[in-house]
Amino acid sequence: MIFNDWLPALIVISSLVTGVVIFFLEEERARLRMGLNLAGAIIKLVMVGVLLWGVFHDGVYEMGFSMGTNLRFVLRADSLSVLFVTLSSLLWFVTTIYAVGYMEGSRNRSRFFGVFSLCVSATTGIAMAGNLLTFLVFYEILTLSTYPLVVHKGTQEALRVGRIYLGYTLGGGMLLLVTIIWLQSIVGPVDFQEVGALAAHASEYRFELTAIFAMFIVGLGVKSALFPLHSWLPMAMVAPAPVSALLHAVAVVKAGVFGIVRVVYDVFGIGFANELGVLTPLSWAAAFTIIYGSMRALFQEDLKRRLAFSTVSQVSYIVLGTSVFGPLATLGGLAHLVHQGLMKITLFFCAGTFAETLGVHKVNEMDGVGKRMPWTTSAFTVAALGMIGLPPLAGFYSKWYLGLGALEAGRGELIGVLLGSSLLNAMYFLPIVYAVWFKKRRDPWPQERKHKGFEAPWMLVIPPVVTAASVILVGVFANSSFSPLQWAQLIVERIYAP
């Protein structure tokens, strides 16, 4: 069917068209801008829903065209891409609502939302790229489209951080380009395959492919914030809260780790990667990053920086699950791709609402916030407890299956990493939870803005409440057919198919 062929492209284009139109709107056209944003997000969600249903029933969705000799641009929907594109589309919708409320009254809103939509198009393009070349194209578009968001405030600090951000991400992108060229010169064009595109080359080019794997991890490790390539991420917290939420939950960081997942499973193949001996070093890099990020988070007084270092740690859970050979670890890692996004976007939404409503930016300024802002604080609490791994919240299932996977693979030492990280998660989240609910407020709020009838503008409160509710529901209904955990199980069955 022609519709099936074009559906992946339409999903990418939907937010692109919206963004281009918004970019040229006059600033005072706030209602039209909001209407276009929400219409684009809803249309994308409907199309993704059709795609989700179709892939679940083994539908084929692919379009592509030649760009030259041995160069093809391919968009394809498979079970892994649907997992990521569904997350991206859902979180774009709630982030759009939040961003409209957060950016009200600020300057350059048309530019912000135009680039914001382009960023979403790049992310969905990454999700549905059918080969390495297409992935690289959208990966670099994502870098260029997120830069204006990072520097949106236009301050000297924002511009300085923007230069650092570009230095890291463009450097990683250049290495990725060199790696893809080298790989293609050896084996030809590489399309993503659920059993691994390089499985046929298992008996040759072992040294070259080992080096290429390492280069892939370094190039993608920049955006996925693997140690020591993570430094740009806490600095990027100079961006507005909706941008921080997008960077950490679904766009840049998640695009990097999604690339690592693609390389391990769909380029090399998990069996071939294990045979090459490259998975164990990757697992140790992930394990170190998990502990390092948690340790750094523990000593951050700025709330957004604490959440940023938490991201450094939490995203590496996905890398850890990817690098441990076995279906249970894969299940935990893939489920965390979604679970982490839901929990982290909730935390950044709440941090932005605290800052905009009360002027609260520091951890030591949060005493008694729960009494003043019960809905937002409840959402923050749910997401924080989920990050720790408290059952039956979403984060529990990720850690549970990662632990089972470590035992299944004979990697008992990784249990210590998971337990240590969970302990550190508790150490940097529970004092905040205690302070917001049980400590009395003794000083005035740093910069309070009161709102009639509610704790804050509804557009800043509803999104984190909805995403926090999803953290609960995804955990409670983890066994349902369309839960992230069950969809990850479908992917695992195809990856490890005999």
Side-chain angles (χ1 to χ4, degrees), residues 98 102 157 161 225 230-231 233-245 247-249 253 290-315 340 343-390 393 395 420-449 455-456 460-461 464-465 467-468 471:
Y98 183 87
Y102 187 92
E157 176 64 10
V161 169
H230 66 287
S231 299
L233 186 58
M235 295 181 190
M237 294 307 93
V238 69
V243 178
S244 299
L247 288 176
H248 287 254
V253 177
I290 287 171
I291 297 299
Y292 171 83
S294 296
M295 288 289 294
R296 290 296 304 272
L298 187 60
F299 296 100
Q300 303 302 315
E301 276 301 310
D302 183 89
L303 179 58
K304 285 179 68 177
R305 280 183 64 86
R306 182 171 292 199
L307 296 179
F309 277 107
S310 172
T311 297
V312 172
S313 173
Q314 290 284 332
V315 167
Q340 184 271 347
M343 295 183 292
K344 188 50 60 80
I345 205 167
T346 303
L347 292 169
F348 272 106
F349 281 163
C350 294
T353 304
F354 291 146
E356 284 298 295
T357 307
L358 303 177
V360 168
H361 297 275
K362 304 289 186 182
V363 172
N364 60 13
E365 297 172 340
M366 297 183 70
D367 294 1
V369 167
K371 185 175 181 180
R372 170 63 175 80
M373 301 181 66
W375 286 98
T376 305
T377 308
S378 296
F380 185 94
T381 302
V382 167
L385 295 178
M387 284 291 189
I388 295 168
L390 188 73
L393 303 176
S421 176
S422 293
L423 177 61
L424 290 167
N425 296 161
M427 291 174 67
Y428 64 74
F429 275 128
L430 289 184
I432 298 177
V433 173
Y434 176 80
V436 295
W437 290 114
F438 299 109
K439 285 191 175 181
K440 291 184 178 180
R441 187 77 196 174
R442 302 185 184 280
D443 302 314
W445 301 111
Q447 192 175 356
E448 185 175 11
R449 300 178 183 178
E455 61 191 53
L460 299 185
V461 178
V465 169
T467 52
V471 171

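The analysis underlying the following values was restricted to heavy atoms, covering all of them including side chains, and did not include hydrogens, waters or symmetry mates. Residues take their numbers from the sequence shown, with the count starting at 1.
When Leu233, Val253, Ile290 are each tested for a side chain to side chain contact (heavy atoms under 4.5 Å, CB included) with Val315, only one passes: Val253. Each of Glu301, Arg296, Lys362 was checked for a side chain to side chain contact (heavy atoms under 4.5 Å, CB included) with Arg306, and the lone residue meeting it is Glu301.
The nearest pair of heavy atoms linking Val433 to Val436 is O-CG2, 3.2 Å. When all heavy atoms of Asn425 and Ser294 are compared, the pair lying nearest together is ND2-OG, 3.6 Å. The shortest non-hydrogen separation linking Ala351 to Lys304 is CB-CG, 4.3 Å. Shown here for Pro446 and Gly359, the closest heavy-atom pair between the two residues is CB-O, 3.4 Å. The minimum heavy-atom distance linking Thr346 with Pro464 is given by the pair CG2-O, 3.7 Å. Between Met373 and Ala456, the shortest heavy-atom contact is CE-CB, 4.1 Å.
Side-chain contact between Gln340 and Thr311 is present, with heavy atoms from C-beta onward closer than 4.5 Å. A heavy-atom distance below 4.5 Å is not found between the side chains of Arg442 and Asp367. Proximity of Met387 to Lys344: side-chain heavy atoms (C-beta onward) are separated by under 4.5 Å at one or more points. At a threshold of 4.5 Å between non-hydrogen side-chain atoms, the residues Leu358 and Glu365 do not count as touching. Annotation: side chain of Leu298 is in contact with side chain of Leu424 (closest heavy-atom distance under 4.5 Å). By the 4.5 Å heavy-atom criterion applied to side chains, Phe380 and Ile432 are counted as neighbours. The shortest side-chain heavy-atom distance between Phe429 and Leu347 falls under the 4.5 Å cut-off. Two residues are said to be in side-chain contact when any heavy atoms from C-beta on lie closer than 4.5 Å; Thr376 and Phe349 fail this criterion.
Between atom CZ of residue Arg441 and atom CE of residue Met366 there is a gap of 10.0 Å, rounded to the nearest 0.5 Å. With rounding to the nearest 0.5 angstrom, the CZ atom of Phe438 is 14.0 Å from the NZ atom of Lys371. Atoms OG and CH2, on Ser378 and Trp437 in that order, are 3.5 Å from each other to the nearest 0.5 Å. Atoms CD1 and OG, on Ile291 and Ser313 in that order, are 7.0 Å from each other to the nearest 0.5 Å. Rounding to the nearest 0.5 Å places CG of Asp443 at 10.0 Å from CG of Asn364. Atom OG1 of residue Thr353 and atom CG of residue Leu460 lie 4.5 Å apart, to the nearest 0.5 angstrom.
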- Query: Would Thr377 and Phe354 count as a side chain to side chain contact (heavy atoms under 4.5 Å, CB included) if you check the C-alpha gap in whole Å, the side-chain angles of each, and the deciding distance to 0.1 Å?
  - Reply: CA-CA 9 Å; Thr377 308; Phe354 291 146; 3.8 Å; yes
- Item | Evaluation steps, side chain to side chain contact (heavy atoms under 4.5 Å, CB included), between Phe309 and His230 | CA-CA 9 Å; Phe309 277 107; His230 66 287; 4.2 Å; yes
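Atom CD of Glu157 has more than 12 neighbouring heavy atoms from other residues, nucleotides or ligands inside a 6.0 Å radius.
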